[in-house]
Trainee: 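One structure coming up, written as structure tokens, with questions to follow.
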Amino acid sequence: MRLIKKILDRGSAGELKLEPEEPEDMWHAYNLIAAGDSLRASTVRKVVQTTDTGSSTTTKKRMILTIEVQSVGYDSAAASTLRVKGRTIEENEFVKKGSYHTLDLELHSAFTLRKHEWDSIALDRVEMACNPVHQADVAAVIMHEGLANVCLITEHLTINRQKIEHTIPRKRKGLCAQHDKGMEKFFDVIIAAIIKHIDFSIVKAVIIASPGFIKDQFYQYMLAKATRDDERHLLENRNKFILLHSSNGFKHALTEVLQDPLVLNRLSDTKATGEMKLLEQFMQLLNDEPEKAYYGLEVIEKANQAQAIEHLLITDELFRNIDFNKRRRYVQLVDSVKENGGDVRLFSSMHASGERLGQLTGIAAILRFPMPDLDLADDHQHHEANNGNNHDDLQPNPNRPTDDNADFDDDRSANTYRALNANRAEASAW
């Protein structure tokens, strides 16, 4: 995503002009645009013109329209287009103010988005979309003698961070020393580029590809140099390196490497490895230590008041809530957890881990210490709600086990109970 213009401050109104450049950017735009925002973009509309004689002609004209967003449609199968419906809020020569229109946002077509309030979640999404380095969880170094390319790979984008060219003397009979020295200098430049461009806290896998045995020679030289120079971050992440064959060291050779079915399976698992492990940890705690694992907005808000949240797991789908006040609650919770030193993980609802978290209300937390009293507080408030007090958003606490012979007040409680047992059984299976 390319950021063309930015006129805004955190927590206040403002506008951004953005241009989607990759199919992945349409997903970011889908998560940015919400009901109530104003959107300005180029579109084509049929215009009927009547002549003095009474005849009419219909022509298609390209124009700029500004609408107040009512709904946003995203089709993952056709990820290059976003359909935004709304009513026009500015009048022009051909379109009256207040008429309904659908804007089709497409790749390489800029749009301007204005919000009444740019919260931290929206700004983080913009930063994520406009800085592809934050998305790249796979890196690649593809090489042959004297040429190497250091790349970062996202789901839809390959970024060439550095091209390395180095002259290496040919091998001659009885005179291999010059060639070996040239290769060592070539390898030194590649190692420096890896250290400079690859953030091992983000990248989950590093592909080293070359024809012949150059990749193996480089890998052994890199480990020896890292041991000699005490480059611990290279040694500690040695298990992230994957050695593969390529026909040459040019960037286009990455295509053949990434098309290998075994490589595709390996790399698809790296995109959300951290999220999957964290969700697995939550499910295990839900089964073994339920006082440290909770899900549901109300009970997690109570845990946050005690600064007890170590990891907050939340899906991006919750921030597409058309209820502005509900969205604000989620945003305030995320900001508060970060201020208290907690870790916040935003799960994509398009990924399997995000779908699984969505089945658990879309929000969950792993606590720093057990808090069994949360069950009692939540049950007490739910009892007040059943007695007529207005707590529309309150839900019965799903973490609290109940007696199999307990009487349920209504079908909702019975369903919650059955869901609890199913989730606990599922957690045991994990």
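Treat the numbers as computed from the prediction; the structure is a model and nothing was measured.
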Trainee: Does some side-chain heavy atom of Ile64 sit less than 4.5 Å from a side-chain heavy atom of Glu90?
Mentor: no

Trainee: From Ile194 CD1 over to Gln162 CD, what is the distance, rounded to the nearest 0.5 angstrom?
Mentor: 10.0 Å

Trainee: Start with the C-alpha distance between His311 and Val337, add both sets of side-chain angles, then the distance that settles side-chain contact (heavy atoms from CB on, under 4.5 Å), and finish with yes or no.
Mentor: CA-CA 9 Å; His311 299 286; Val337 170; over 6 Å; no

Trainee: Looking at Leu313, is its backbone amide N or carbonyl O close enough to the side chain of Arg345 to form a donor-acceptor pair, meaning the two atoms are under 3.5 Å apart?
Mentor: no

Trainee: Counting C-beta onward and ignoring hydrogens, is there a side-chain heavy-atom pair between Met1 and Pro20 closer than 4.5 Å?
Mentor: yes

Trainee: Is there a side-chain contact (heavy atoms from CB on, under 4.5 Å) between Leu18 and Phe111? Walk through the geometry before answering.
Mentor: CA-CA 6 Å; Leu18 302 165; Phe111 64 88; 4.0 Å; yes

Trainee: So, the side chain of Asp119 versus the backbone of Ile121: is there a donor-acceptor pair under 3.5 Å, distance only?
Mentor: yes

Trainee: Could you tell me which residues satisfy side-chain hydrogen bond (donor to acceptor under 3.5 Å, both in side chains) with Arg62, sequence neighbours excluded, listed by chain and number?
Mentor: Ser42

Trainee: What's the verdict on side-chain contact (heavy atoms from CB on, under 4.5 Å) for Ile363 and Leu312, showing C-alpha distance, side-chain angles and the deciding distance?
Mentor: CA-CA 7 Å; Ile363 184 169; Leu312 178 67; 4.0 Å; yes

Trainee: Please determine whether the number of non-hydrogen atoms from other residues, nucleotides or ligands lying under 6.0 Å from atom NZ of Lys85 exceeds 12.
Mentor: no

Trainee: Over all heavy atoms of both residues, which pair between Leu367 and Glu310 is shortest? Give the atoms and the distance, please.
Mentor: O-OE1, 3.9 Å

Trainee: Could you tell me whether the side chain of Asp229 and the main chain of Glu231 form a donor-acceptor pair under 3.5 Å?
Mentor: no

Trainee: Indicate the atoms forming the closest heavy-atom contact of Ile242 with Ala205, along with that distance.
Mentor: CD1-CB, 4.0 Å

Trainee: Is there a donor-acceptor pair under 3.5 Å between the side chain of Lys338 and the backbone N or O of Val344?
Mentor: no

Trainee: Please verify the inter-ring angle class for His166 with Phe186; under 30° counts as parallel, over 60° as perpendicular, anything in between as tilted.
Mentor: parallel

Trainee: My understanding is that only residues two or more places apart in sequence, or in another chain, count here; which of them pass side-chain hydrogen bond (donor to acceptor under 3.5 Å, both in side chains) with Asn325?
Mentor: none

Trainee: Do Val47 and Met63 have side chains that approach each other closer than 4.5 Å (heavy atoms only, starting at C-beta)?
Mentor: yes

Trainee: Closest approach of Val69 and Leu39, non-hydrogen atoms and distance?
Mentor: CG2-CB, 4.0 Å

Trainee: Please report the interatomic distance CD(Glu15) to CZ(Arg114), rounded to the nearest 0.5 Å.
Mentor: 6.0 Å

Trainee: What do you reckon, is NZ of Lys6 surrounded by more than 12 foreign heavy atoms closer than 6.0 Å?
Mentor: no

Trainee: Before you tell me yes or no, could you show the steps for Lys196 and Val150 under side-chain contact (heavy atoms from CB on, under 4.5 Å), namely the whole-Å CA-CA distance, both residues' side-chain angles and the distance that decides it to 0.1 Å?
Mentor: CA-CA 10 Å; Lys196 179 180 180 181; Val150 180; over 6 Å; no

Trainee: Please answer whether the main-chain N or O of Thr88 pairs with a side-chain N or O of Ser99 as donor and acceptor at a distance below 3.5 Å.
Mentor: no

Trainee: So does Leu223 get a backbone contact from the side chain of Thr227, meaning a donor-acceptor N/O pair under 3.5 Å?
Mentor: yes

Trainee: Would you please classify the geometry between the Phe250 ring and the His144 ring as parallel, tilted or perpendicular, with 30° and 60° separating the classes?
Mentor: perpendicular

Trainee: How about Arg45 and Lys61: do any of their side-chain heavy atoms sit closer than 4.5 Å?
Mentor: no

Trainee: How long is the span from the CD1 atom in Ile208 to the CD1 atom in Ile214, to the nearest 0.5 Å?
Mentor: 12.5 Å

Trainee: Which distance, rounded to the nearest 0.5 Å, do you find between the CD1 of Ile142 and the CG of Asn149?
Mentor: 7.5 Å

Trainee: Got a second to check how far Lys215's NZ is from Met143's CE, nearest 0.5 Å?
Mentor: 10.0 Å

Trainee: Take atom CZ of Arg232 as the centre, draw a 6.0 Å sphere, and report whether it contains more than 12 heavy atoms from other residues, nucleotides or ligands.
Mentor: no

Trainee: Within a reach of under 6.0 Å around NZ of Lys251, are more than 12 heavy atoms found that belong to other residues, nucleotides or ligands?
Mentor: yes

Trainee: Looking at Arg40 and Lys17, would you say the former's side chain and the latter's main chain have a donor-acceptor pair under 3.5 Å?
Mentor: no

Trainee: Where does the angle between the aromatic ring planes of Tyr30 and Tyr74 fall among parallel (under 30°), tilted (30 to 60°) and perpendicular (over 60°)?
Mentor: parallel

Trainee: Please examine the side chains of Lys302 and Glu298, heavy atoms only from C-beta on, and report whether any two atoms are closer than 4.5 Å.
Mentor: yes

Trainee: Are any non-hydrogen side-chain atoms of Cys151 and Leu254 less than 4.5 angstrom apart?
Mentor: yes

Trainee: If you define the side chain from C-beta out and look only at heavy atoms, does anything of Leu278 sit under 4.5 Å from Ile366?
Mentor: yes

Trainee: Within a strict 4.5 Å, meaning less than it, do heavy atoms of the Phe94 and Leu65 side chains meet?
Mentor: no

Trainee: CG of Leu286 to CD of Gln281: how many Å apart, nearest 0.5 Å?
Mentor: 12.5 Å

Trainee: Do you know the tightest heavy-atom contact between Arg238 and Tyr219?
Mentor: O-OH, 3.5 Å

Trainee: Main chain of Leu8, side chain of Trp118: is a donor-acceptor contact present, judged purely on distance under 3.5 Å?
Mentor: no

Trainee: Which heavy-atom pair separates Thr66 from Ser38 by the least distance, and what is that distance?
Mentor: CG2-CB, 4.5 Å

Trainee: Quick one: which of Asn31, Leu82, Leu32 gives a side chain to side chain contact (heavy atoms under 4.5 Å, CB included) with Val72?
Mentor: Leu82

